[in-house]
Amino acid sequence: MAAEDTPAKRPRKPRQPFLPKKLAAVRRKSVSYEKKKAVVESAKQELQAAVDEARDAGASWPEIAEATGMGSRQVAEIRFSTAGQKRNNRSKK
């Protein structure tokens with residue numbers, strides 16, 4: 001039997017894991033959510049670093065509140081000093 005006599009085999013499609021369409025859509029949204037979450041976390045860290053740098057340079061809490069668009073120095077102080085204290089406590093452990 002010659003090679004020309006054998007029928008040509010169709011190339012196989014790569015097998016995809018079974019995922020219903022709705023589950024696949026949820027998975028795509030989950031990946032998108034994780035990416036957005038990472039971007040937000042990065043922005044928070046950058047803002048905290050900028051506030052820490054401003055405080056080290058002598059900026060007052062009212063100045064930081066005004067620059068960040070917060071309503072009062074108390075809000076800014078609670079938001080940024082608490083985050084710094086939590087971060088420092090975690091690094092000591």
Side-chain angles (χ1 to χ4, degrees):
M1 185 173 207
E4 298 114 29
D5 294 342
T6 59
K9 292 185 177 181
R10 289 185 291 175
R12 288 184 129 184
K13 291 182 181 178
R15 293 186 75 177
Q16 297 292 327
F18 175 73
L19 277 179
K21 289 181 181 180
K22 288 184 180 181
L23 184 57
V26 168
R27 186 170 180 216
R28 281 192 300 274
K29 287 180 182 177
S30 175
V31 169
S32 176
Y33 170 77
E34 292 300 323
K35 288 180 183 177
K36 290 176 183 177
K37 184 179 174 182
V39 169
V40 168
E41 187 59 35
S42 175
K44 283 182 181 180
Q45 290 173 356
E46 288 177 20
L47 180 58
Q48 183 65 50
V51 169
D52 291 343
E53 187 177 325
R55 290 291 296 156
D56 291 342
S60 66
W61 285 115
E63 292 171 328
I64 290 173
E66 184 180 335
T68 56
M70 297 189 162
S72 67
R73 81 151 177 91
Q74 290 92 343
V75 173
E77 190 172 354
I78 290 168
R79 165 61 180 90
F80 295 114
S81 67
T82 303
Q85 289 171 358
K86 286 180 185 176
R87 186 178 67 241
N88 291 336
N89 290 340
R90 277 186 266 157
S91 63
K92 290 178 184 177
K93 291 181 181 180

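Computation of the quantities below employed the complete heavy-atom set of this structure, encompassing side-chain atoms and omitting hydrogens, waters and symmetry-equivalent molecules.
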note = Heavy-atom closest pair (A65 atom, S72 atom, distance to 0.1 Å) is CB-O, 3.3 Å
ask   = So, do L47 and F80 sit near enough that their side-chain heavy atoms are less than 4.5 Å apart?
value = yes
note = The side chain to side chain donor-acceptor pair (under 3.5 Å) partners of Q45 (sequence neighbours excluded) come to none
Please list every donor-acceptor pair under 3.5 Å in which a side-chain atom of residues 32-43 meets a protein atom from a residue at least two apart or in another chain.
none

inquiry  = Counting neighbours of CD on E66 that are heavy atoms of other residues, nucleotides or ligands and sit closer than 6.0 Å, is the number greater than 12?
reply    = no
When the side chains of residues 57-64 are checked against the rest of the protein, which donor-acceptor pairs come out under 3.5 Å, sequence neighbours left out?
unit_1	atom_1	unit_2	atom_2	d
S60	OG	E63	N	3.4
S60	OG	E63	OE1	3.3
E63	OE1	S60	N	2.8

key: Spacing of CZ belonging to R79 relative to NZ belonging to K44, to within rounding of 0.5 Å   = 6.5 Å
